[in-house]
There are 2 protein chains.
Amino acid sequence: MVPTLKDVAERAGVSRSAVSRAFTDGASVSAKMRKRVEKAASELGFSPNVLASSLTTGRTKLIGLVSNNFHNPIFLEVFDLFTRALQDQGLRPLLVNLTDETDPANSVRMLRQYSVDGVVVASSTLPPAFGKAFRDAGVPVVHAFGRVTSAPEVHVVGIDNIDAGRLAAQSLIARGYQRVGFMGGPEVATSTQDRLKGFLQELALHPQIRASQSFARTYSFEAGREEMQDLLSRAHAEAYFCGDDVLSIGALSAIQDRRLSVPDDIGIIGLNDMEIAGWHNINLTTIRQPIKEIVTSSIELITAMLREPARLPEARIFACQIVERGTLRPLPTTAAP
Amino acid sequence: MVPTLKDVAERAGVSRSAVSRAFTDGASVSAKMRKRVEKAASELGFSPNVLASSLTTGRTKLIGLVSNNFHNPIFLEVFDLFTRALQDQGLRPLLVNLTDETDPANSVRMLRQYSVDGVVVASSTLPPAFGKAFRDAGVPVVHAFGRVTSAPEVHVVGIDNIDAGRLAAQSLIARGYQRVGFMGGPEVATSTQDRLKGFLQELALHPQIRASQSFARTYSFEAGREEMQDLLSRAHAEAYFCGDDVLSIGALSAIQDRRLSVPDDIGIIGLNDMEIAGWHNINLTTIRQPIKEIVTSSIELITAMLREPARLPEARIFACQIVERGTLRPLPTTAAP
DNA sequence: AGCCAATTTGCAATCGGTTGCAATAACTAT
DNA sequence: ATAGTTATTGCAACCGATTGCAAATTGGCT
């Protein structure tokens, strides 16, 4: 049905090797030959089968895009960016949904069956064991949105969560909140721990400020809402740093239900800056995670690994930035003289 | 590096065919042989290379998942469902992002290079030319969320948009709104046209009700917001059927800005029922598109096509259902006797 | 034990390409 | 012209699997 290299060779009256070479750039072919082959090829509508060639070249141009975050809207943006960036490099993403997968071995087998050239793990919650398993299987890996440490076992690109926690605390303090709270995601997640750590570190410099902490079940609207309902039924803080934007919006909904006003009665700052956070009826003040840069950088690393497989793991850390919107009261204006 | 069939054969002291057969079920192998091969294979950590076998079998188990909707949160849910459903069938999604792609030929070439077994187009806005191009290239296609017609050119599964428009109009009328509006997505989209058609059909049965119509630039929050701002600055209707949930939420934000109350001053009904629509601080009344069923059905069709490539194109239409929340006033209770 | 049929196994060709090597063609310089 | 290079081309083996066919094994039955 579909034309093969052999068909082209016959039609052009040349050897199969010639055709193959005409399609690989940098190969030894005369201009005349290339023209001739291209003519035959286009008449037949031929384009070489990447998978067949992968057998000899060892390159499939397939990149496993593995994630388990299919409920956080920011990941739609992430997938959009990743797929486009990969396509621009002539690579194709093989999407792997690891929701409820616990055994890295399964995923490794799966990806090896398709002999992907590399894997990018795009997840903030997938255990590092997955990344390591891929690496041990000899597959280049980069973990985007992973936990950055000073001695990474695989390439990691993301933000410094400790720093983000610190930034959140600073923002709250600068706006004059006296009792602040940390409402994190699941307590077991290292990202949660790191953010808490930074948050508390900063607060330690301001002993007059009271801090509290709590954790939502999951990174979801409902969990954020319930956690905030719980907090509101007890003595609550004046402002909260929430685990992420989704959690924040859940918290906001609980606050609105109580007829409390934001940011006057309670302030909220989120993390991620997903598109929805900017919607006017949400208008969430949040810490922006530079996803575009993280994606670009991840792709850079993965392509670098393709060229140079022995490259040592590296951590790339991006700074976060606070995005002022309406859920935190404004910075006090410095008094005029 | 990675063990091949040959390695296993040598270690087990059998022929390569024997190993191959041990891994394909239904093949002629004795239990003893299979045991022996499996032992060697597991010692070596071998698993067969799907891509290599695809050369002879003609099956890659790769399904192109093509879409251009990377900004509508409902598609994250769609991708989640599709990837899981495909995985359950032993198939792998090759994600193709067709944002800003206009030439079907490119996509066809791309997918042929990877010799995908089939393609599922998951998009409500991709022109039918793409689906047809894949079909003409001999690749099984199903267009999920496509336009269903009585004489489909490729398999289509989705909702009946005319029906949805009718349902929206009925809901509005049943709730006693006298002046209703259709605030559609881009006017050129056939889905928009169909929904409008159904909407007007129903209204034609109620001549006492006044209807107006307008269209947003795109299916986006901002477009919905701007369109509604525009409408509000003129004489506006009492209730609107918006093109989709995102547009609806944009419209809601414009309404809130004007300090008008929903649903007392203005009612809104959306379409899709994405997760966010149910968030308490959005609480959007909407028409639910049964995405789970659409996905399941699409997968069913694509696997059916793999078994029986000549199968005639079929349209599968799912009924929509209205999800009562807070942006439309309640149905009048029938008066007690 | 002997014969025939049914299973099981291995050989070798094949899928659609790539690539090292040797043969040929095209230049270059004398 | 001619020898010496250099650039092109084709042959044939190979990548990692599958599969038709024939050979070998097994088993059943007399």
Side-chain angles (χ1 to χ4, degrees), chain A residues 1-38 40-41 44-62 90 109 111-117 137-138, chain B residues 1-38 40-41 44-62 90 109 111-117 137-138:
Chain A
M1 188 75 227
V2 298
T4 73
L5 180 137
K6 190 167 152 244
D7 301 326
V8 178
E10 279 166 7
R11 172 173 260 259
V14 300
S15 74
R16 286 154 64 227
S17 342
V19 179
S20 171
R21 282 191 271 255
F23 276 91
T24 62
D25 39 26
S28 170
V29 225
S30 66
K32 202 188 313 166
M33 169 68 89
R34 175 160 276 153
K35 192 119 302 173
R36 199 163 149 197
V37 168
E38 274 169 358
L44 257 37
F46 166 83
S47 64
N49 183 330
V50 188
L51 268 22
S53 71
S54 82
L55 265 188
T56 41
T57 61
R59 293 219 152 326
T60 53
K61 299 181 172 185
L62 245 29
R109 191 154 28 74
L111 286 164
R112 263 230 315 240
Q113 288 187 332
Y114 283 91
S115 41
V116 295
D117 289 348
Chain B
M1 189 76 229
V2 298
T4 72
L5 179 138
K6 191 168 151 241
D7 302 327
V8 178
E10 279 165 6
R11 173 172 259 259
V14 299
S15 73
R16 287 151 67 226
S17 343
V19 178
S20 171
R21 282 191 270 255
F23 276 91
T24 62
D25 39 25
S28 169
V29 226
S30 66
K32 202 189 309 165
M33 170 67 89
R34 174 160 274 151
K35 194 119 294 174
R36 198 163 151 196
V37 169
E38 273 169 359
L44 257 36
F46 166 83
S47 64
N49 183 329
V50 188
L51 267 22
S53 71
S54 82
L55 265 189
T56 41
T57 60
R59 293 222 153 324
T60 53
K61 297 182 175 186
L62 244 30
R109 191 155 26 76
L111 287 164
R112 262 227 318 235
Q113 288 186 333
Y114 284 90
S115 40
V116 295
D117 289 347

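Fair warning: this is a prediction, and the values are worked out from it, not measured in the lab. By convention in this document, chain letters (A, B, ...) are assigned in the order of the sequence lines, proteins followed by strands, and residues within each chain are numbered from 1.
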Strand contacts (DNA chain D) in residues 28-35 of chain B, 4.0 angstrom heavy-atom criterion: none
To the nearest Å, give me how far apart CD (Q113(B)) and P (dG16(C)) are. 16 Å
Whole angstrom is fine here: how far is it from CG in L55(B) over to P in dG16(D)? 12 Å
Report which part of the nucleic acid F23(A) touches: base, sugar-phosphate, or nothing (heavy-atom distance under 4.0 Å, all strands). nothing
Residue set satisfying salt bridge (charged side-chain N to carboxylate O under 4.0 Å, His left out) with R112(B), at least two apart, ordered chain then number -> none
Are any of the side-chain heavy atoms of L5(B) and P48(B) separated by less than 4.5 Å? no
T24(A) side chain to A27(A) backbone, donor-acceptor under 3.5 Å: no
Within the side chain of S20(A), is there an N or O that forms a donor-acceptor pair under 3.5 Å with the backbone of R16(A)? no
Starting at atom CG of D25(B), determine the distance to atom P of dT18(D), rounded to an integer number of angstrom. 11 Å
Between N49(B) (CG) and dG16(D) (P), how many Å, whole number? 8 Å
Quick one: what's the B/S/- string for nucleotides 19-25 of chain D, heavy-atom cutoff under 4.0 Å, read 5' to 3'? BB-----
Side-chain heavy-atom pair L62(B), L111(B) within 4.5 angstrom cut-off: no
Locate the shortest heavy-atom distance separating L44(B) from P3(B); write the atom from each residue and the value. O-CG, 3.3 Å
Whole-Å distance, R112(B) CZ to dG17(C) C1', equals 16 Å
Quickly work out the L51(B) CG to dG17(C) P distance and round it to whole Å. 13 Å
Roughly how many Å is it from CG in D7(A) to C1' in dG17(C), rounded to a whole number? 13 Å
So T60(B) and V50(B), do their side chains get closer than 4.5 Å, heavy atoms only? no
Backbone of R59(A) reached by a side-chain donor or acceptor of D117(A) within 3.5 Å: no
Taken to the nearest whole Å, CG/L5(B) to P/dC14(D) is 17 Å
Taking C-beta and beyond as the side chain, do L51(B) and Y114(A) meet within less than 4.5 Å on heavy atoms? yes
